[in-house]
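Step one of this worksheet: look at the structure below.
Quick note on labels: first sequence line is chain A, next is B, and so on, each numbered from 1.
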Number of protein chains: 2
Amino acid sequence: MRTVYEKADVVPMIAEIFRDLGYEGTSLSRITERTGLGKGSLYHFFPGGKEEMAATVLAEVDGWFERFVFDPLRRDDPAQGIATMWAAVDDYFRSGGRVCLVGAFALDETRDRFATAIRGYFARWIEALRDALARAGRDPDEAALDAEEVVLGIQGALVLARALGDPAVFTRTLDRLKRRV
Amino acid sequence: MRTVYEKADVVPMIAEIFRDLGYEGTSLSRITERTGLGKGSLYHFFPGGKEEMAATVLAEVDGWFERFVFDPLRRDDPAQGIATMWAAVDDYFRSGGRVCLVGAFALDETRDRFATAIRGYFARWIEALRDALARAGRDPDEAALDAEEVVLGIQGALVLARALGDPAVFTRTLDRLKRRV
DNA sequence: ATTTGAGTTTACCAAACGGTACAGAAAACG
DNA sequence: CGTTTTCTGTACCGTTTGGTAAACTCAAAT
């Protein structure tokens with residue numbers, strides 16, 4: 001039997017594996033068994049191997065947030081952009097049942113490999129939110145601190161929710177941050 | 001040449017490696033080269049191999065926090081216990097230059113292996129802080145939420161500080177949390 | 001009908017993985 | 001002193017790692 005895939009279908013599958021297992025924990029054999037693609041296909045799509053797979057996945061996550069979070073924050077009117085962000089974030093992280101790939105990569109030495117992508121993701125998020133808050137009338141200095149607090153709070157909530165095995169920590173934190181800004 | 005170590009000396013070294021590289025990223029050869037201990041010595045101290053090394057390290061971290069953070073929170077008068085916590089946390093995480101081993105383990109599949117240790121660490125921290133806040137006169141429900149916010153804020157700050165390569169995020173967050181409780 | 005080329009399968013490779021076995025060196029202890 | 005216990009160095013084991021090579025399949029374009 002022969003099944004044919006397209007790259008667009010396979011990237012989200014690989015993303016989920018990296019999210020679950022981390023960069024080092026993700027082996028080609030794990031990818032093979034969970035996607036059904038043999039090494040040949042994998043290396044056809046990603047000639048650069050594992051590192052290119054991770055970079056592609058990172059770029060896709062970044063693209064998703066750029067489209068559904070950062071851009072609305074920049075383009076829409078502040079209140080609506082921020083409302084869009086809350087919904088998108090809650091949806092993306094499955095209300096605390098899913099972890100942040102970028103955050104996970106940031107913690108171990110994987111960070112060095114993808115430093116600029118990781119830094120860019122968080123920097124653009126904070127910046128977009130900070131500007132939206134400022135446009136909504138918040139004092140600029142306060143807006144910067146609040147934006148940082150929100151992004152960091154989301155990451156912390158994901159860590160804690162996962163550690164305690166209790167996704168409610170995430171939704172509770174999202175509500176609290178929502179009320180605060 | 002022959003150099004002799006004691007287990008007590010070697011655990012912190014291994015802890016630092018796990019912190020840097022994560023569980024999967026830490027290989028025996030890396031441990032060997034960074035500690036100077038051969039496999040023979042390693043398996044003499046930790047017959048259970050890599051998993052026992054990680055478990056031991058996790059227990060040591062837990063013990064440190066139990067001693068210098070959780071216990072003061074429980075025994076000292078609330079205000080002083082909390083003050084001790086801020087100092088210990090800032091010190092332990094090198095003002096944002098170091099990452100939380102337990103938090104890092106919580107994110108990937110390593111969590112499953114050490115689930116109870118990881119959950120216990122965070123649960124006891126939150127509980128001790130919550131009770132201290134309650135004893136200080138804070139409304140019990142508020143105290144519970146604040147305790148959660150503090151622990152999660154610290155974890156998020158570590159993630160963000162590392163992601164941005166900017167430890168100041170951590171100290172700034174610590175100050176903000178300090179002011180809030 | 002033939003060519004083409006993206007996508008797949010299978011078999012391989014050297015290196016590194018976690019782990020084991022064991023002989024010997026150094027302390028500890030009688 | 002001699003013996004026992006603790007610790008270390010080295011060689012080895014089977015398995016898995018990331019990666020390569022090349023033969024193959026099959027739909028679409030010519």
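The distance between atom CD of Glu52(A) and atom C1' of dG19(D), rounded to the nearest whole Å, is 13 Å. Summarising the geometry, the separation between CZ on Phe45(B) and P on dT6(D) is reported as 12 Å, rounded to the nearest angstrom. As rounded to whole Å, 10 Å separates atom P of dT8(C) from atom CD of Glu6(A). The CG atom of Leu42(A) sits 17 Å away from the C1' atom of dA11(C) (whole-angstrom rounding). If you measure from atom NZ of Lys50(A) to atom P of dC17(C), you get 12 Å, rounded to the nearest angstrom. Atom pair Phe46(A):CZ and dG7(C):C1' shows a separation of 13 Å (rounding to whole Å applied).
Taking the charged nitrogens against the carboxylate oxygens, Arg124(A) and Asp62(A) do have a contact shorter than 4.0 Å, which makes a salt bridge. Ion pairing of Glu16(B) with Arg98(B) is present here, as a side-chain N (NZ or NE/NH1/NH2) and a carboxylate O approach within less than 4.0 Å. The pair Arg172(B)-Asp175(B) does not meet the salt-bridge criterion, since no charged nitrogen lies less than 4.0 angstrom from a carboxylate oxygen. Using a 4.0 Å cut-off between charged nitrogen and carboxylate oxygen, Arg30(B) and Glu109(A) count as a salt-bridge pair.
Between Phe105(A) and Tyr23(A), the ring planes are perpendicular. Angles over 60° get that label, and only those under 30° would be called parallel.
At least one side-chain heavy atom of Ile82(A) sits under 4.5 Å from a side-chain heavy atom of Leu73(A).
Side-chain atoms of Arg34(B) never come within 3.5 Å of backbone atoms of Met13(B) as a donor-acceptor pair (strictly under, hydrogens ignored).
Taking the centre and axis of the six-membered ring of Phe18(A), the NZ or CZ atom of Lys50(A) falls outside the cone set by 45° and 6.0 Å.
Within the 4.0 Å cut-off from OP1 or OP2 of dG7(C), at least one side-chain nitrogen or oxygen of His44(A) is found.
DNA chain D is contacted by no residue of residues 105-117 of chain A, taking any non-hydrogen atom closer than 4.0 Å. Contacts of residues 11-41 of chain A with DNA chain C (heavy atom under 4.0 Å): Gly40(A), Ser41(A).
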